[in-house]
Each structure stands twice: as structure tokens, then as C-alpha cells.
Amino acid sequence: MSSTRQRVLALYKELHRLGRDYPDPNYDFNGRMRRMFEKNRSLKDPAEIEQALRFGEYIKNETLALYSLRKYRHLKLRYDSPRP
């Protein structure tokens with residue numbers, strides 16, 4: 001198995017796991033992610049493949065940032081004492 005294929009499969013698995021906890025159930029994160037991967041399935045040019053992988057990594061990082069922000073907001077609401 002080529003290293004590019006391994007990178008693509010690892011990215012797909014990571015995004016699929018992240019999609020389980022996506023805050024908006026109406027957004028259909030996993031469905032959109034799957035369609036994106038299927039659309040790029042026929043790419044042959046290594047530069048285009050690398051660009052698609054970088055975009056997928058960007059989506060992964062943005063999703064992780066969204067989760068961190070959601071956790072931070074929850075903790076702030078929970079533990080921030082009201083000031084008189």
C-alpha cells in the first residue's frame with residue numbers, strides 16, 4: 001500500500017471519528033465528508049492529491065478547534081461564578 005493511500009485512509013478514519021460528535025446533527029458531517037472523498041477519488045495528479053489532503057487536514061484542525069471551543073464555553077458557563 002502506498003504512503004499516500006495510507007495517509008488518505010488515516011485522514012478518512014480521523015474525520016469519521018470526529019464526525020460522530022459534531023454539534024449540529026442537521027449538518028450531516030459524515031455524509032458531506034464521504035461525498036468529498038468520493039468526489040476526489042478519481043484524482044491522479046500528485047499535486048492535486050496533496051492539495052486535497054491539505055484541505056482535509058485543514059477541515060480536521062478546524063473541527064478540533066470547534067470542539068475545544070465548545071468545551072471551553074461549557075466549562076465557562078458551568079464554573080464561572082455570577083458577579084453581583
Side-chain angles (χ1 to χ4, degrees):
M1 194 181 320
S2 71
S3 66
T4 304
R5 181 174 168 84
Q6 288 174 342
R7 286 176 57 203
V8 169
L9 290 175
L11 179 64
Y12 185 85
K13 286 179 183 180
E14 286 180 275
L15 286 171
H16 193 273
R17 285 187 200 111
L18 287 173
R20 292 179 190 163
D21 298 326
Y22 199 78
D24 184 9
N26 296 326
Y27 184 72
D28 188 27
F29 182 87
N30 283 334
R32 288 175 184 244
M33 186 242 338
R34 181 182 175 111
R35 285 189 294 276
M36 181 177 69
F37 273 82
E38 286 176 353
K39 181 183 81 168
N40 292 328
R41 174 188 263 176
S42 62
L43 293 179
K44 301 290 184 207
D45 183 30
E48 290 180 355
I49 293 171
E50 190 62 36
Q51 182 181 7
L53 278 169
R54 281 196 307 270
F55 183 69
E57 290 289 334
Y58 171 78
I59 296 295
K60 181 182 86 169
N61 291 335
E62 290 295 313
T63 305
L64 287 171
L66 175 71
Y67 291 165
S68 295
L69 183 62
R70 186 179 75 181
K71 288 177 186 176
Y72 170 75
R73 285 180 179 165
H74 176 74
L75 288 172
K76 184 173 170 113
L77 286 174
R78 184 127 177 123
Y79 294 108
D80 196 21
S81 61
R83 299 176 205 262

Listed partners of [X] passing side-chain hydrogen bond (donor to acceptor under 3.5 Å, both in side chains), at least two apart:
X	answer
E48	none
E14	K60
E62	none

Nearest 0.5 Å, please: how far is CD1 in I59 from CE in M36? 6.0 Å

OG1 on T63 to CG on D21, rounded to 0.5 Å: 11.0 Å

Any side chain to side chain donor-acceptor pair (under 3.5 Å) pairs touching residues 26-37, not counting sequence neighbours? R34-E38

Is any side-chain heavy atom of D24 closer than 4.5 Å to a side-chain heavy atom of F29? no

Answer whether the closest heavy-atom distance between the side chains of L53 and T4 falls below 4.5 Å. yes

By ring pair (Phe, Tyr, Trp, His ring centres under 6.0 Å), which residues pair with Y12, not counting sequence neighbours? F37

Is a side-chain donor or acceptor of Y67 paired with a backbone partner of Y22 at a separation under 3.5 angstrom? yes

Residues L43 and A52: closest non-hydrogen pair is CD1-CB, 4.1 Å

Verify the cluster assignment for I49 and Y58: are they in a single hydrophobic cluster under the rule of side-chain heavy atoms below 4.5 Å apart? yes

Are L64 and L66 connected in a single hydrophobic cluster, I mean Ile/Leu/Val/Met/Phe/Trp/Tyr linked by side-chain heavy atoms less than 4.5 Å apart? yes

Could you note down all residue pairs passing ring pair (Phe, Tyr, Trp, His ring centres under 6.0 Å) where residues 38-57 supplies at least one of them, sequence neighbours left out? none

R54: what forms a side-chain contact (heavy atoms from CB on, under 4.5 Å) with it, not counting sequence neighbours? E50, Q51

